[in-house]
Engineer: 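Dumping the structure here so I can ask a few things about it.
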Protein chains: 2
Amino acid sequence: MDLFLSTYENRIDGKGRISVPASYRAVLERNRSPLYIFKSLTHACLEGCGPERISQIVDAIDQMDSLSEEAEILQTMLFSAQEMKIDSDGRMLLPAEFIEFAGLDGTALFSGIGRSFQIWRPDQHQRREADFRERATKQGVPRLTLGRRPEPGER
Amino acid sequence: MDLFLSTYENRIDGKGRISVPASYRAVLERNRSPLYIFKSLTHACLEGCGPERISQIVDAIDQMDSLSEEAEILQTMLFSAQEMKIDSDGRMLLPAEFIEFAGLDGTALFSGIGRSFQIWRPDQHQRREADFRERATKQGVPRLTLGRRPEPGER
DNA sequence: CGGGTCATTATGGGATATCATGGGAATTCA
DNA sequence: TGAATTCCCATGATATCCCATAATGACCCG
């Protein structure tokens, strides 16, 4: 299905290397896609994805008034993005800037959310998950329309 | 009938493996579907399903403001979800995290509820069933409207 | 109707492969 | 030439595969 799912907690070694979870690598390799990582606009975490997702963001910004402040804000995602090289052992090298931005300290948590994933400081991610679960029980789960899926092309 | 039905109580061995009930496997195999398992948002149990349900969640999130609270709650399902590999003997390996989350201890109860199923600690599931039956007799049952199913190809 | 055989399923254990991770050597770049 | 990066190999932990066994139920045939 080619989705990034599940969470993985991996170590960052002295050289700044970290293993990309094997299942995420498999998704990228199946599509012959390079991996892009950029700083989240809204959280102290990193975002990872393939090229399609980057294109989507570019296209969305191109639809906007390119001189607007909104467009400029979204552009910060793009210029923080880097194409990551993955070595023969499946590891990437996290630049110091990324490590600092996400507050990483020796270990990082990969959190797959479908077509993209996030990289968090493990304790922060845990807090978020606990928070979401509490809200889900108190306020209920968002409506999910189950049942027949729309045909492709159908609205 | 491609539905998950009935309940099965199976053992979890020392390695964390458990047999997926044969009838559930048959459903998945007929559709050539992999099996996904994720932590319930609202109960101390696991949920199992095929890829359609995961796609629904992904698509639903993509339609929403991806920074909204609702989207984040749905993302909790995704990052707790895993595609399970089923070995040649029909077993899957339950990660320690799943076992702990559902409070499993040696045995797990599969509970088929149609297009998905749940995995419970057996005694908790029993309590739930007794509770629901009692409420049904005391408070009556919810309205159940069984409409005609659309013909294949009919809108 | 009874008894035996076979297929299916759940489960256990040992062998094998995969993965994350650490460290050193080689290479690149400034 | 020094620092940073990439490549290569070693290792332990874990996951996966493969085979064996037991229990159950379906099936067939006398």
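Predicted model only: the values in this text are computed from it and were never measured. Residue numbering restarts at 1 for every chain, and letters A, B, ... go by the order of the sequence lines.
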Engineer: Check this for me: does any side-chain nitrogen of one of B:Lys39 and B:Glu100 sit under 4.0 Å from a carboxylate oxygen of the other?
Structural biologist: no
Engineer: A:Ile86 has an atom CD1; how far is it from atom P of D:dT5, in whole Å?
Structural biologist: 17 Å
Engineer: In whole angstrom, what separates B:Arg25's CZ from C:dT9's C1'?
Structural biologist: 7 Å
Engineer: I need the OH-C1' distance between B:Tyr24 and C:dT8, as an integer number of Å.
Structural biologist: 18 Å
Engineer: Starting the side chain at C-beta, find the nucleotide from D:dC17, C:dT11, C:dG23 nearest to B:Lys15.
Structural biologist: D:dC17
Engineer: Of all the heavy-atom pairs spanning A:Arg25 and A:Val20, show the shortest one and how long it is.
Structural biologist: NH1-O, 2.7 Å
Engineer: Using the side-chain hydrogen bond (donor to acceptor under 3.5 Å, both in side chains) rule, pick out the option among A:Gln118, A:His125, A:Glu9 that qualifies with A:Ser111.
Structural biologist: A:His125
Engineer: Counting side-chain heavy atoms from C-beta on, which of D:dC18, C:dG23, C:dA20 comes nearest to A:Ser19?
Structural biologist: C:dA20
Engineer: Salt bridge check: are B:Asp89 and B:Arg91 linked by an N-O gap of less than 4.0 Å?
Structural biologist: yes
Engineer: Report the distance from atom CG of B:Asn10 to atom P of D:dA22, rounded to the nearest whole Å.
Structural biologist: 19 Å
Engineer: Given D:dC7, C:dT21, D:dA20, which nucleotide is nearest the side-chain atoms of A:Arg91?
Structural biologist: C:dT21
Engineer: From CG of B:Leu94 over to P of C:dT11, roughly how many Å is that when rounded to an integer?
Structural biologist: 12 Å
Engineer: Tell me whether the centres of the aromatic rings in A:Phe110 and A:Tyr8 are closer together than 6.0 Å.
Structural biologist: no
Engineer: For a quick check of understanding: with a heavy-atom distance under 4.0 Å over all strands, which category does A:Lys85 fall into, base, sugar-phosphate or nothing?
Structural biologist: sugar-phosphate
Engineer: Consider the side chain of A:Pro21, meaning its heavy atoms from C-beta on, and name the nucleotide among D:dC18, C:dA20, D:dC8 that approaches it most closely.
Structural biologist: C:dA20
Engineer: Touch check for A:Ile18, heavy atoms < 4.0 angstrom, all strands: base, sugar-phosphate only, or nothing?
Structural biologist: nothing
Engineer: Between B:Arg11 and A:Ser23, which has a closest nucleotide on DNA chain C that is more 5'?
Structural biologist: B:Arg11
Engineer: Measure CG/B:Asp87 against P/C:dG12 and give the value in whole Å, please.
Structural biologist: 13 Å
Engineer: Looking at C:dG23, does its base get a donor-acceptor pair with the side chain of A:Arg17 below 3.5 Å?
Structural biologist: yes
Engineer: Please state how far atom CG in A:Asp13 lies from atom C1' in D:dT5, giving the value in whole angstrom units.
Structural biologist: 12 Å
Engineer: Separation of A:Phe110 atom CZ from C:dT21 atom C1', in whole Å?
Structural biologist: 13 Å
Engineer: Got a donor-acceptor pair under 3.5 Å from the side chain of A:Asp89 to the base of D:dC8?
Structural biologist: yes
